[in-house]
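Report on the following structure.
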Amino acid sequence: MISPLAYVDPSAKIGKNVTVHPFAYIDKNVEIGDDNVIMPYASLMSGTRMGNGNKVYQGAVVAAVPQDFAYTGEDTLAYIGNNNVIRENAVIIRGTHAGHATSVGDGNFIMTGARLSHDVEVGNHCIIGNGSQVSGNCIIQDCAILTSNVLMQGNTRLGSYSLVQGGCRFIKDIPPYIVAAHEPIAFYSINTKVLELAGFSETLIKHIAQAYRILYKANTSQHDALLRIQEQVPNSPEIEQIIEFVKTSKLGIIH
């Protein structure tokens, strides 16, 4: 159902069983799939590409114009996958340059007042907490959690299954499977509870903890710590992911 009180550009492509409530705004150059719900005063701007089963709440904006001085008016995109919840007044900004895009995967929960800036990549089943601000070109891997009012500096990465406690800000990468906390931000612990809920075995969690004890507590160089992890910790895809994440960090990881 599309309310006659909503504005829907005639060129917009809208799938089946989509509900558009009164006073919603759907711009030109918008494509949305099936079973979406667009609440009152939500805006899907030019460049929105939305999958199926999403719910966009009041005042949220998808594919806003980039807040980037390098933006010169190109037609860029914001991809939203399937089964995401975008709560009130959240803002998702589209890519800056032609051929670039902001992308949000499947099953994410983007809470009230959160902002995803230009060219951000969000994986699947992530939580972006109330008021958290994600700057341009950041990468948030699957199942990561930003709690409330986190500031994520541009070009940083947040690893899979990691959690950043409320009010933190960070300018370096946060590797997978950990909790980051304090001011200045630092490694706090393994994200044990979330890993258990996700079905990680007790043995695997112990191996992850062992890897991070070596990385953060062994009082050696990062290079040597990674060699020790390879030698001393039983190999698994998760341990390989930790090693690869640290090796490929351009900004370095938090302490």
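Along the sequence shown, residues are numbered consecutively beginning with 1. Because the structure is a prediction, the values reported are computed rather than measured.
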Q. Can you list every salt bridge (Lys or Arg N to Asp or Glu O under 4.0 Å) pair that touches residues 48-63, not counting sequence neighbours?
A. Glu31-Arg49
**Q.** Minimum-distance pair of heavy atoms, taken over all atoms of Ile174 and Ala180
**A.** CD1-CB, 3.9 Å
Q) Under a single-linkage rule joining Ile, Leu, Val, Met, Phe, Trp and Tyr whose side-chain heavy atoms are separated by less than 4.5 Å, which residues share a cluster with Met1? A) none
(Q) Tell me whether Ile110 shares a hydrophobic cluster with Leu77, the cluster being built from Ile, Leu, Val, Met, Phe, Trp, Tyr side chains joined at under 4.5 Å. (A) no
**Q.** In one Ile/Leu/Val/Met/Phe/Trp/Tyr side-chain cluster, 4.5 Å: Val18, Val85
**A.** yes
Q. Who are the side-chain hydrogen bond (donor to acceptor under 3.5 Å, both in side chains) partners of Asp9, not counting sequence neighbours?
A. Tyr7, Ser11
Q. Once you round to the nearest 0.5 Å, how far does CD1 of Ile145 lie from NE2 of His125?
A. 12.5 Å
Q. Between the side chain of Ser43 and the main-chain N/O of Val61, is any donor-acceptor distance below 3.5 Å?
A. no
Q) Given the rule in the side-chain contact (heavy atoms from CB on, under 4.5 Å) test, do Ser135 and Arg115 qualify, once you have shown the distances and angles that lead to the verdict? A) CA-CA 8 Å; Ser135 299; Arg115 184 195 66 171; 4.1 Å; yes
**Q.** Val56 vs Met39 side-chain heavy atoms within contact, under 4.5 Å
**A.** no
Q | Between Asn54 and Asn84: side-chain donor-acceptor atoms closer than 3.5 Å | A | yes
Q: Could you please spell out the steps behind the side-chain contact (heavy atoms from CB on, under 4.5 Å) verdict for Leu116 and Val122?
A: CA-CA 9 Å; Leu116 302 178; Val122 179; 4.0 Å; yes
**Q.** Residue pair Thr72 / Glu74, side-chain donor-acceptor N/O under 3.5 Å
**A.** yes
Mind listing the side-chain donor-acceptor pairs of residues 90-102 below 3.5 Å, one per line with the distance, residues two or more places apart or on another chain?
{"unit_1": "Arg94", "atom_1": "NE", "unit_2": "Thr76", "atom_2": "OG1", "d": "3.3"}
{"unit_1": "Arg94", "atom_1": "NH1", "unit_2": "Ser46", "atom_2": "O", "d": "3.2"}
{"unit_1": "Arg94", "atom_1": "NH1", "unit_2": "Ala63", "atom_2": "O", "d": "2.9"}
{"unit_1": "Arg94", "atom_1": "NH2", "unit_2": "Tyr71", "atom_2": "OH", "d": "3.0"}
{"unit_1": "Thr96", "atom_1": "OG1", "unit_2": "Asp68", "atom_2": "OD2", "d": "3.1"}
{"unit_1": "Thr96", "atom_1": "OG1", "unit_2": "His118", "atom_2": "ND1", "d": "3.1"}
{"unit_1": "Thr96", "atom_1": "OG1", "unit_2": "Asp119", "atom_2": "OD2", "d": "3.3"}
{"unit_1": "Thr102", "atom_1": "OG1", "unit_2": "Ile93", "atom_2": "O", "d": "2.5"}
{"unit_1": "Thr102", "atom_1": "OG1", "unit_2": "Asp119", "atom_2": "N", "d": "2.8"}

Q | Side-chain donor or acceptor of Thr112 paired with backbone N/O of Asn130 under 3.5 Å | A | no
Q. Do Tyr25 and Met45 have side-chain heavy atoms sitting under 4.5 Å apart?
A. yes
Q.
Other members of the hydrophobic cluster containing Ile171, with the 4.5 Å side-chain heavy-atom rule, please.
A. none
Counting only pairs under 3.5 Å, give me each side-chain donor-acceptor contact of residues 245-255, with atom names and distances, residues two or more places apart or in other chains.
{"unit_1": "Thr248", "atom_1": "OG1", "unit_2": "Arg157", "atom_2": "NH1", "d": "3.4"}
{"unit_1": "Thr248", "atom_1": "OG1", "unit_2": "Glu244", "atom_2": "O", "d": "2.8"}
{"unit_1": "Thr248", "atom_1": "OG1", "unit_2": "Phe245", "atom_2": "O", "d": "3.3"}
{"unit_1": "Ser249", "atom_1": "OG", "unit_2": "Asp173", "atom_2": "OD2", "d": "2.7"}
{"unit_1": "Ser249", "atom_1": "OG", "unit_2": "Gly252", "atom_2": "N", "d": "2.9"}
{"unit_1": "Ser249", "atom_1": "OG", "unit_2": "Gly252", "atom_2": "O", "d": "3.2"}

Q) Between Thr147 (side chain) and Val164 (backbone), is there a donor-acceptor pair under 3.5 Å? A) yes
Q) So which pairs with a foot in residues 198-223 pass salt bridge (Lys or Arg N to Asp or Glu O under 4.0 Å), sequence neighbours left out? A) Glu202-Lys206
**Q.** Heavy-atom side-chain proximity of Thr192 to Ile205 below 4.5 angstrom
**A.** yes
Q.
Between Asp35 and Asn52, do the side chains contain a donor N or O and an acceptor N or O under 3.5 Å apart?
A. no
**Q.** Min side-chain heavy-atom separation Cys126-Tyr161 under 4.5 Å
**A.** no
Q. Could you state the interatomic distance from OG (Ser103) to CD1 (Ile139), rounded to the nearest 0.5 Å?
A. 9.0 Å
Q | Remaining members of hydrophobic cluster (4.5 Å side-chain criterion), Phe23 | A | Leu5, Tyr41
Q: Find the distance between CG (Leu158) and CZ (Phe170) and round it off to the nearest 0.5 Å.
A: 5.0 Å
Q. What are the two closest heavy atoms between Gly129 and Ala114, and how far apart are they?
A. O-CB, 3.8 Å
Q: Side-chain contact test, heavy atoms from C-beta onward, threshold under 4.5 Å: evaluate it for Lys172 versus Thr156 and give yes or no.
A: no
Q: Indicate the atoms forming the closest heavy-atom contact of Gly159 with Ala144, along with that distance.
A: O-CB, 3.6 Å
Q | Approximate separation, where rounding is to 0.5 Å, of Gln230 CD and Glu240 CD | A | 9.0 Å
Q: Give the intermediate values and the outcome of side-chain contact (heavy atoms from CB on, under 4.5 Å) for residues Ile14 and Val8.
A: CA-CA 10 Å; Ile14 300 178; Val8 180; 3.6 Å; yes
(Q) Let me check something: do Tyr79 and Phe109 share a hydrophobic cluster, defined by ILVMFWY side-chain heavy atoms less than 4.5 Å apart, either directly or through other members? (A) no
Q) Side chains of Gln133 and Val150: does their closest heavy-atom pair fall under 4.5 Å? A) no
Q: Calculate, to the nearest 0.5 Å, the distance between atoms CD and CD belonging to Gln241 and Glu238 respectively.
A: 7.5 Å
Q: Side-chain contact test, heavy atoms from C-beta onward, threshold under 4.5 Å: evaluate it for Ile127 versus Asn108 and give yes or no.
A: no
Q) Going by the salt bridge (Lys or Arg N to Asp or Glu O under 4.0 Å) test, which pairs reach into residues 134-156, not counting sequence neighbours? A) none
Q) Closest heavy-atom contact between Ala211 and Ile229? A) O-CD1, 3.4 Å
Q. How many angstroms lie between CD1 in Ile190 and CD1 in Ile208, if you round to the nearest 0.5 Å?
A. 7.0 Å
Q) Within a strict 4.5 Å, meaning less than it, do heavy atoms of the Ser3 and His21 side chains meet? A) no
Q | Listed partners of Gln67 passing side-chain hydrogen bond (donor to acceptor under 3.5 Å, both in side chains), at least two apart | A | none
**Q.** Main-chain N/O of Ile178 paired to Ser162 side chain as donor or acceptor, under 3.5 Å
**A.** yes
Q: Check the side chains of Asn83 and Asp106 for a donor-acceptor pair under 3.5 angstrom, ignoring hydrogens and angles.
A: no
**Q.** Option among Ile26, Thr48, Asp27 that satisfies the side-chain contact (heavy atoms from CB on, under 4.5 Å) test with Val62
**A.** Thr48
Q: Please list, chain by chain and in numerical order, all residues satisfying side-chain contact (heavy atoms from CB on, under 4.5 Å) with Asn191, sequence neighbours excluded.
A: Leu163, Val179, Val194
Q) Going through the checks in order, is the side-chain contact (heavy atoms from CB on, under 4.5 Å) test met by Tyr177 and Leu195? A) CA-CA 7 Å; Tyr177 313 119; Leu195 296 180; 3.7 Å; yes
Q.
Among residues at least two apart in sequence or on other chains, which ones pass side-chain contact (heavy atoms from CB on, under 4.5 Å) with His207?
A. Thr203, Gln210, Val233, Pro234, Ile239
